[in-house]
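Some notes on the structure that comes next.
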Amino acid sequence: MTAWHDRRILDLFGIEIPIIQAPMAGATTVEMVVAASKAGGLGSLPSAQYSVQQLRDALQRITEETTAPINVNFFSHVTPGDDPVSQMRWRSLLAPYYVEYGLDPAAPFSGAGRAPFDIAFCEVVEEFRPRVVSFHFGLPDRRLVDRVKAIGAKVLSSATTVEEAVWLEANGVDAVIAMGFEAGGHRGNFLTQDMATQVGTMALVPQVVDAVTVPVIAAGGIADGRGVAAALMLGASAVQIGTAYLFSPEARIPALHAAALASAGDASTAITNVFTGRPARGVMNRIMRELGPLSESVPAFPTAGAALAAIRAQAEANARDDFTNLWSGQAAKLAKCLPAEELTRWLFDDAMAVLDASSMARRS
Ligand SMILES: Cc1cc2nc3c(=O)[nH]c(=O)nc-3n(C[C@H](O)[C@H](O)[C@H](O)COP(=O)(O)O)c2cc1C
């Protein structure tokens, strides 16, 4: 196997190749995590849509399949208090869709949809002792981070600006994920809410590398060896790849989502907050076009989604993706449909071939 000379992330995580299968709540399966880890990369299990028991069950299954290091991922938002005024405003915007599907716009709905890291999740981490724990939306309470570190786990979080990367380093992370604007799913922003000034991977990675001393993981718009090689050349010690894994048979996504990904081009996606209340990148669809893509009227994360559930279910039953969150990065078109273990190896081997070819070019 070709080796990559920057061993900082490889040694920190105990992995063989600098490829991290991104945590993708609602899409990543135990099988995907095991496959990426078996390939020598880092498999990442997302917990935001799990109950504590579901997380425990998933980790138990992983432990039975592999002893390779894995990453367990959590959201670290603060659950908002009740806000009946903004819920009412959101409900009235959605009411015409309810009527269209013959549903009662006043029917009660419940369920926040995304759970933050808390003491109960922390106890599962302490029980299973994963090698890596990553957070999205900054970091949880310092006492919880200290408990995670006390078991020897390496702590990561996403930065969407240099300021966020510097903050994360100052608050004790072992590595920073530099998440460019191209990335699919929720943006990890936590010090800024301004989507107009978010930074692309090409500009973000080297500026984060220059600003922090911990190793940097590039994420966003990377889906083949060219992207991996470019990120490593920009100074990243590893890459985190999400959208490309949605094309693997191990991904569990609705057929409508798979179809949207299969036909997505470079300009098919946008950043939207209409599905959860927080900005996330997904393939454009009807609700994004009609109410967003960024709306001032959505209630706080993660409470926007509950009001959408009934119309989403009706639309999906009619084979329409009008209200489904079709998370995707900007590079879906570059993805190859491969099993996750093969995909992980191919991403690295293809990157090494690109780098070998460029050094040949220099010599000739
Ligand atoms: C379907 C989907 C779900 C995601 N869910 C999470 C998540 O639960 N936790 C997280 O930290 N990041 C999440 N992300 C972001 C990814 O971890 C990763 O940073 C991103 O996919 C990288 O960009 P790419 O999609 O262009 O490869 C998600 C991304 C996608 C596409």
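- A donor-acceptor contact under 3.5 angstrom links the side chains of Gln87 and Thr303, judged on distance only.
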**Item:** Criterion side-chain contact (heavy atoms from CB on, under 4.5 Å) on Val173 and Leu139, from CA distance to verdict
**Value:** CA-CA 9 Å; Val173 298; Leu139 289 171; 4.0 Å; yes
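- Asp266 CG: 12 or fewer foreign heavy atoms inside a 6.0 Å radius.
- A donor-acceptor distance shorter than 3.5 angstrom exists from the side chain of Arg131 to the backbone of Leu12, with no hydrogens or angles considered.
- Using a 4.5 Å heavy-atom threshold, the side chains of Arg7 and Leu10 count as touching.
- The distance from the OG1 atom of Thr79 to the CG atom of Asp118 is 8.5 Å, given to the nearest 0.5 Å.
- Cluster membership check: Ile177 does not share its hydrophobic cluster with Tyr245, using side-chain heavy-atom separations under 4.5 Å among Ile, Leu, Val, Met, Phe, Trp and Tyr.
- Side-chain atoms of Thr29 come within 3.5 Å of backbone atoms of Met32 as a donor-acceptor pair (strictly under, hydrogens ignored).
- A donor-acceptor pair shorter than 3.5 Å can be found between the side chains of Tyr97 and Glu290.
- The two atoms that bring Phe190 and Ser158 nearest to each other are CE2-O, 3.6 Å, heavy atoms only.
- Counting heavy-atom neighbours within 6.0 Å of Arg252 CZ, excluding the residue itself, gives a total of 12 or less.
- Ion pairing between Glu31 and Arg61 holds under the 4.0 Å rule for side-chain N and carboxylate O.
- In this structure, Glu296 CD and Arg89 CZ are separated by 9.0 Å, a value rounded to the nearest 0.5 Å.
- Taken from CZ in Arg147 to CG in Asp141, the straight-line distance is 10.5 Å, to the nearest 0.5 Å.
- When hydrophobic clusters are built by joining Ile, Leu, Val, Met, Phe, Trp and Tyr residues whose side-chain heavy atoms come closer than 4.5 Å, directly or via intermediates, Ile271 is not grouped with Met288.
- The two residues Val274 and Pro293 come nearest to each other via the heavy atoms CG1-O, 3.9 Å.
- Under the 4.5 Å side-chain criterion, counting only non-hydrogen atoms from C-beta, Val78 is not in contact with Pro116.
- Geometrically, Arg8 does not engage Phe13 in a cation-pi contact, judged by NZ or CZ lying under 6.0 Å from the ring centre and within 45° of the ring axis.
- More than 12 heavy-atom neighbours from other residues, nucleotides or ligands sit within 6.0 angstrom of CE on Met233.
- In the displayed structure, Leu191 atom CG is contacted under 6.0 Å by more than 12 heavy atoms of other residues, nucleotides or ligands.
- Under 3.5 Å, the side chains of Ser86 and Asp83 contain a donor-acceptor pair of N or O atoms.
- A heavy-atom distance below 4.5 Å is found between the side chains of Val33 and Thr28.
- In this structure, the separation between CD on Gln54 and CG on Leu59 is 12.0 Å, given to the nearest 0.5 Å.
- Residues Val239 and Met24 share a single hydrophobic cluster, defined by chaining ILVMFWY side chains whose heavy atoms lie under 4.5 Å apart.
- For Ser37 (side chain) and Ala68 (main-chain N/O), no donor-acceptor pair under 3.5 Å exists by modelled atom type.
- In terms of modelled atom types and a separation under 3.5 Å, the side chain of His136 and the main chain of His186 share a donor-acceptor contact.
- Ser328 contributes no side-chain N or O that, together with a main-chain N or O of Leu261, makes up a donor-acceptor pair within less than 3.5 Å.
- Exactly one of Ile287, Val283, Asn285 qualifies for a side-chain contact (heavy atoms from CB on, under 4.5 Å) with Asp321. That residue is Asn285.
- Remark: the backbone N or O of Trp167 is paired with a side-chain donor or acceptor of Asn171 at under 3.5 angstrom.
- Note that CZ of Phe348 is 8.0 Å distant from CG of Leu232, once rounded to the nearest 0.5 Å.
- Nearest heavy-atom pair across Glu100 and Arg286 is OE1-NH2, 2.8 Å.
- With contacts defined as side-chain heavy-atom distances shorter than 4.5 Å, the pair Thr272/Leu291 does not qualify.
- Panel note: side chain Ser268, backbone Gly265; a donor-acceptor pair is recorded below 3.5 Å.
- In the model, Glu163 has no side-chain atom that pairs as donor or acceptor with a side-chain atom of Thr192 under 3.5 Å.
- For the atom pair CD1 of Ile241 and CG of Leu347, the computed distance is 4.5 Å after rounding to the nearest 0.5 Å.
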**Request:** Would you sort out whether Glu316 and Arg320 count as a salt bridge (charged side-chain N to carboxylate O under 4.0 Å, His left out), showing the intermediate values?
**Result:** CA-CA 5 Å; Glu316 287 182 355; Arg320 298 204 58 89; over 6 Å; no
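- In this structure, Leu144 is a member of the same hydrophobic cluster as Val155, with clusters built from ILVMFWY side-chain heavy atoms closer than 4.5 Å.
- Annotation: side chain of Trp327 is not in contact with side chain of Ile253 (no heavy-atom distance under 4.5 Å).
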**Request:** Go through the steps to decide whether Leu334 and Arg226 satisfy the test side-chain contact (heavy atoms from CB on, under 4.5 Å), and finish with yes or no.
**Result:** CA-CA 10 Å; Leu334 301 176; Arg226 292 171 296 180; 3.5 Å; yes
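- Contact check for Pro105 versus Pro96: no side-chain heavy atoms found under the 4.5 Å cut-off.
- Salt-bridge formation is not detected for the pair Arg345/Asp349: no Lys NZ or Arg NE/NH1/NH2 atom is positioned less than 4.0 Å from an Asp or Glu carboxylate oxygen.
- Asn71 and Ser44 are linked by a side-chain donor-acceptor pair at a separation below 3.5 angstrom, with hydrogens and angles left out of the test.
- A side-chain donor-acceptor contact under 3.5 Å links Ser157 to the backbone of Phe135.
- Across all non-hydrogen atoms, the minimal contact from Leu93 to Ser297 is CD1-CB, 3.4 Å.
- Between the side chains of Gln198 and Asp194, no donor-acceptor pair is found at a separation under 3.5 Å.
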**Request:** Evaluate the criterion side-chain contact (heavy atoms from CB on, under 4.5 Å) for residue pair Trp346 and Leu338; output intermediate values, then yes/no.
**Result:** CA-CA 9 Å; Trp346 174 74; Leu338 289 173; 4.0 Å; yes
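- Side-chain contact between Leu156 and Val132: present, with at least one pair of heavy atoms (C-beta onward) separated by less than 4.5 Å.
- When all heavy atoms are compared, the tightest approach of Ala264 to Lys333 is O-CD, 3.5 Å.
- Under the 4.5 Å side-chain contact rule for hydrophobic residues, Phe74 and Ile70 share a cluster.
- Gly277 approaches Val298 most closely through the heavy-atom pair CA-CG2, 4.0 Å.
- Grouping Ile, Leu, Val, Met, Phe, Trp and Tyr by side-chain contacts under 4.5 Å, direct or through others, puts Phe75 with Phe137, Phe301.
- Counting only distance, with no hydrogens or angles, the side chain of Trp4 and the backbone of Ile17 share no donor-acceptor pair below 3.5 Å.
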For a quick test of your reading: what N or O donor-acceptor pairs under 3.5 Å do the side chains of residues 207-223 make, sequence neighbours left out?
residue : atom : partner : partner atom : Å
Gln207  : NE2  : Ala203  : O            : 3.0
Thr213  : OG1  : Glu169  : OE2          : 2.5

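- At most 12 non-hydrogen atoms from other residues, nucleotides or ligands lie less than 6.0 angstrom from CE of Met202.
- A donor-acceptor pair under 3.5 Å is formed between the side chain of Thr276 and the backbone N or O of Arg278.
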**Prompt:** Would Glu64 and Gln60 satisfy side-chain contact (heavy atoms from CB on, under 4.5 Å), going step by step from the backbone distance to the final call?
**Reply:** CA-CA 6 Å; Glu64 285 159 13; Gln60 185 57 43; 3.1 Å; yes
